[in-house]
Amino acid sequence: MFFRRLLGLLLPLFLAACVSPQSWEAVRVLKDIDAGEAPTALKESTPTPSRREITYSVIQPETGQPGFPQTADLYHPNRTDPDDLDGALVLVPGFTPSGKNDRRLVALAKSFARSGFLVLVPDLRGSRETRVRLGDARRIADAVVHLSGRSELENLTGDEGSSEIGLVAISYAVGLAVLATTETDAKERTGFLVGLGGYYDTTEVVRFTTTGAFRLPGEHKWRNLKPLRAAKWYFLSSNIDALIDPDDRAALTAIAEIRQRSGREALVDGEGRDLIAQLGPEGRSLYALMINEDPAQVEPLLAALPEALRRQLDALSLRALDLSHLAGRLILIHGREDPLVPFSESLALSNTVPDTELFLIDGFSHINPRAVGVIGQLQLADAIQAVLARRR
C-alpha cells in the first residue's frame with residue numbers, strides 16, 4: 001500500500017536550493033505522515049483534527065430512492081473558524097483488514113486535514129476483505145455525493161449548489177475510484193482524482209502479476225521486473241467468488257492461503273489430499289492462469305476463464321472507458337520499482353486522459369520503501385504539492 005511507501009521514507013531534504021517554498025509545505029505533510037503520533041512542525045503549527053464516525057445515505061440515481069445506510073470517518077481541521085476550509089476530499093483505502101481504521105490511513109487522513117481539507121474515509125467491505133468488489137465503486141460515488149452536500153462546505157459551494165470534491169485512492173481502489181467518477185451524480189462533483197499506484201488495464205495487471213512482464217505504451221519488447229510473490233494469490237482470492245462451483249471455490253481458497261504463506265508448502269488439504277486434483281474445469285482454468293509464466297499465453301488463458309469471471313475483469317478495467325471527464329483533473333503517482341502494479345499502468349492511464357499530472361518516483365516501490373535518493377524525494381514532494389495545489 002501507498003502508506004508503506006511513505007512511512008519511514010522521507011529523509012530530511014538537504015538541498016534547500018532545489019526545493020521551492022511550495023514544496024516545503026509538501027515536505028512538512030510527508031514528515032507528518034511519517035511521524036504518526038510523534039511531534040512534527042505541522043502538528044505544532046495546526047490544531048489537532050477531529051475524527052468522528054458518521055452514517056449517511058444517498059439518493060440512488062437509478063431508482064430515485066435513498067440507498068442503504070453507510071458509515072465513514074469524517075476528519076475536520078478544527079481551525080478557529082469551523083467554516084475555514086480549503087477543500088474537501090474522499091480518501092479511499094486499498095486492501096487492509098483494518099479498513100478505515102488502518103493506522104497508516106488515519107495518519108494520512110489527519111495530515112490532509114491539517115492541510116485544510118475536510119476528509120471523508122468510507123468504510124468499504126472490499127477493502128477489509130481484501131477482495132475487489134465492483135459495488136464499492138457506487139459506495140465511493142455515494143461518499144463524493146454526500147461530502148459535496150455537507151453544510152461545512154457552504155463557503156466552498158459553487159454555482160451548482162455543491163462543492164467539487166477531491167478523490168484520493170490507493171492501489172486497487174484507483175480503478176474503483178475512476179469508475180465512481182463515471183456515475184452521473186458523482187461525475188461533476190469530482191474536482192480532481194489522485195491515484196496512488198493504480199492500474200489501467202486488468203489484462204496487463206494479470207500479465208505482470210503472473211509473469212513479471214510489462215511494456216511501456218508504444219513498446220513491443222517485454223520488460224521484466226520481479227513481481228511480489230504473493231500478489232497472484234491475492235488476485236486469486238479476490239476473484240474466487242465469481243466461480244459457480246462451491247468445491248472449486250473451497251479448493252482455490254485453500255490453495256491461495258497456502259501460497260500466500262509459502263511458495264514451497266505442499267498444496268494439500270487437512271486430510272492430506274491433493275487440492276489441485278480436486279479442481280473442476282472452472283477452477284483449473286483459473287489456476288492455470290495463476291501458474292502461467294509466459295506473457296504471450298495470458299490472453300488465451302483469460303479467454304478460457306468462466307464467463308462470469310471474464311465479465312468481472314472487463315468491468316474493472318479502465319481501458320475501454322471514455323475518461324474525457326477527467327481531463328485536467330487527474331494526478332497519478334507511481335513508483336518505478338513497484339512490484340505489484342507496474343508503473344507502465346499509470347503511464348498508460350495518463351496517456352488516455354489529457355492534461356494528467358504524472359509523477360513517477362525513482363527508487364519507490366508499491367509495498368515497502370526502498371532506498372530513495374534526493375531525486376526521488378524531490379519528485380515525491382512535488383507530487384504531494386500537486387495535491388495541495390488543488391485546494392481553494
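Every value quoted in this text rests on a predicted model; they were computed, and no experiment measured them.
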Taking the side chain as everything from C-beta on, heavy atoms only, tell me whether [X] gets closer than 4.5 Å to [Y].
X: R390; Y: I331; answer: yes
X: T182; Y: H325; answer: yes
X: R138; Y: P61; answer: yes
X: F343; Y: I361; answer: no
X: R52; Y: H76; answer: no
X: L318; Y: L179; answer: yes
X: D185; Y: R189; answer: yes
X: S237; Y: Q260; answer: yes

Q. Between E307 and R311, is there a side-chain N and carboxylate O pair less than 4.0 Å apart?
A.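 Yes, charged N to carboxylate O under 4.0 Å.
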Hydrophobic cluster identity match, [X] and [Y], side-chain contacts under 4.5 Å:
X: L153; Y: Y56; answer: yes
X: M290; Y: L267; answer: yes
X: F95; Y: L167; answer: yes
X: L74; Y: V145; answer: yes
X: L321; Y: L332; answer: yes

[X] side, atom [atom1]; [Y] side, atom [atom2] - distance, nearest 0.5 Å:
X: L301; Y: T210; atom1: CG; atom2: OG1; value: 8.5 Å
X: N239; Y: R249; atom1: CG; atom2: CZ; value: 13.5 Å
X: I240; Y: T253; atom1: CD1; atom2: OG1; value: 3.5 Å
X: L378; Y: F359; atom1: CG; atom2: CZ; value: 12.5 Å
X: L91; Y: I170; atom1: CG; atom2: CD1; value: 5.0 Å
X: T181; Y: K187; atom1: OG1; atom2: NZ; value: 7.5 Å

Q) Are L316 and L176 close enough, and set up right, to give a side chain to side chain contact (heavy atoms under 4.5 Å, CB included), and what steps lead you there? A) CA-CA 7 Å; L316 288 167; L176 293 174; 3.8 Å; yes
Counting N and O atoms only, with roles assigned by atom type, does the side chain of [X] sit under 3.5 Å from a partner on the main chain of [Y], one being a donor and the other an acceptor?
X: Q70; Y: P122; value: no
X: T356; Y: V353; value: yes
X: H334; Y: V341; value: yes
X: S317; Y: D314; value: no
X: S262; Y: I258; value: no
X: E345; Y: D201; value: yes
X: D136; Y: G126; value: yes
X: S148; Y: E164; value: no
X: R329; Y: L193; value: no
X: S98; Y: N101; value: no

Shortest non-hydrogen contact from [X] to [Y]?
X: K100; Y: D73; value: NZ-OD1, 3.0 Å
X: S57; Y: G67; value: CB-O, 3.3 Å
X: T48; Y: N78; value: O-ND2, 3.1 Å
X: A169; Y: V174; value: O-CG2, 3.4 Å
X: L225; Y: D338; value: CD2-O, 3.3 Å
X: F208; Y: L340; value: CD2-O, 3.7 Å

Just checking, is any N or O donor in the side chain of [X] or [Y] under 3.5 Å from an acceptor N or O on the other one?
X: T203; Y: R319; result: no
X: D241; Y: Q312; result: no
X: D32; Y: S111; result: yes
X: D362; Y: Q379; result: yes
X: S344; Y: E219; result: no

(Q) salt bridge (charged side-chain N to carboxylate O under 4.0 Å, His left out), that's the test. Do E204 and R215 meet it? Break it down for me. (A) CA-CA 9 Å; E204 298 308 319; R215 289 185 290 208; 5.4 Å; no
Q | Between Y75 and F112, ring centroids under 6.0 Å | A |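 Between Y75 and F112, the centre distance exceeds or equals 6.0 Å.
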(Q) Through direct or indirect side-chain contacts below 4.5 angstrom among Ile, Leu, Val, Met, Phe, Trp and Tyr, which residues connect to W222? (A)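 Besides W222, the hydrophobic cluster comprises nothing; the residue is isolated.
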Q: Apply the test side chain to side chain contact (heavy atoms under 4.5 Å, CB included) to residues E299 and R207: give CA-CA distance (whole Å), side-chain angles for both, the deciding distance (0.1 Å), then the verdict.
A: CA-CA 9 Å; E299 279 86 354; R207 194 189 318 275; 2.6 Å; yes
(Q) Applying side chain to side chain contact (heavy atoms under 4.5 Å, CB included) to I255 and L279, what does each step give before you reach the verdict? (A) CA-CA 11 Å; I255 289 172; L279 294 174; 4.3 Å; yes
**Q.** Contacts of D123 that satisfy salt bridge (Lys or Arg N to Asp or Glu O under 4.0 Å) - sequence neighbours left out
**A.**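 D123 satisfies salt bridge (Lys or Arg N to Asp or Glu O under 4.0 Å) with R128 only.
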Q. With sequence neighbours excluded, what pairs up with R79 under the salt bridge (Lys or Arg N to Asp or Glu O under 4.0 Å) test?
A.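 Partners of R79 under the salt bridge (Lys or Arg N to Asp or Glu O under 4.0 Å) test: D84, D86.
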Q. Heavy-atom count around I59 CD1 within 6.0 Å, excluding the residue itself: above 12?
A.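 Counting neighbours around CD1 of I59, more than 12 heavy atoms of other residues, nucleotides or ligands fall under 6.0 Å, so yes.
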Q.
Taking CD in E62 as the centre, count heavy atoms belonging to other residues, nucleotides or ligands within less than 6.0 Å. Is the count above 12?
A.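 Enclosed.
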Q: Run the numbers on V106 and V121 for side chain to side chain contact (heavy atoms under 4.5 Å, CB included), then give the verdict.
A: CA-CA 9 Å; V106 171; V121 183; over 6 Å; no
Q. Only one of R114, R391, K31 clears salt bridge (Lys or Arg N to Asp or Glu O under 4.0 Å) with E25; which?
A.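 So the option named by the test is R391.
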Q: Decide yes or no on salt bridge (charged side-chain N to carboxylate O under 4.0 Å, His left out) for E37 and R103, but give the supporting numbers first.
A: CA-CA 10 Å; E37 297 301 321; R103 59 179 179 79; over 6 Å; no
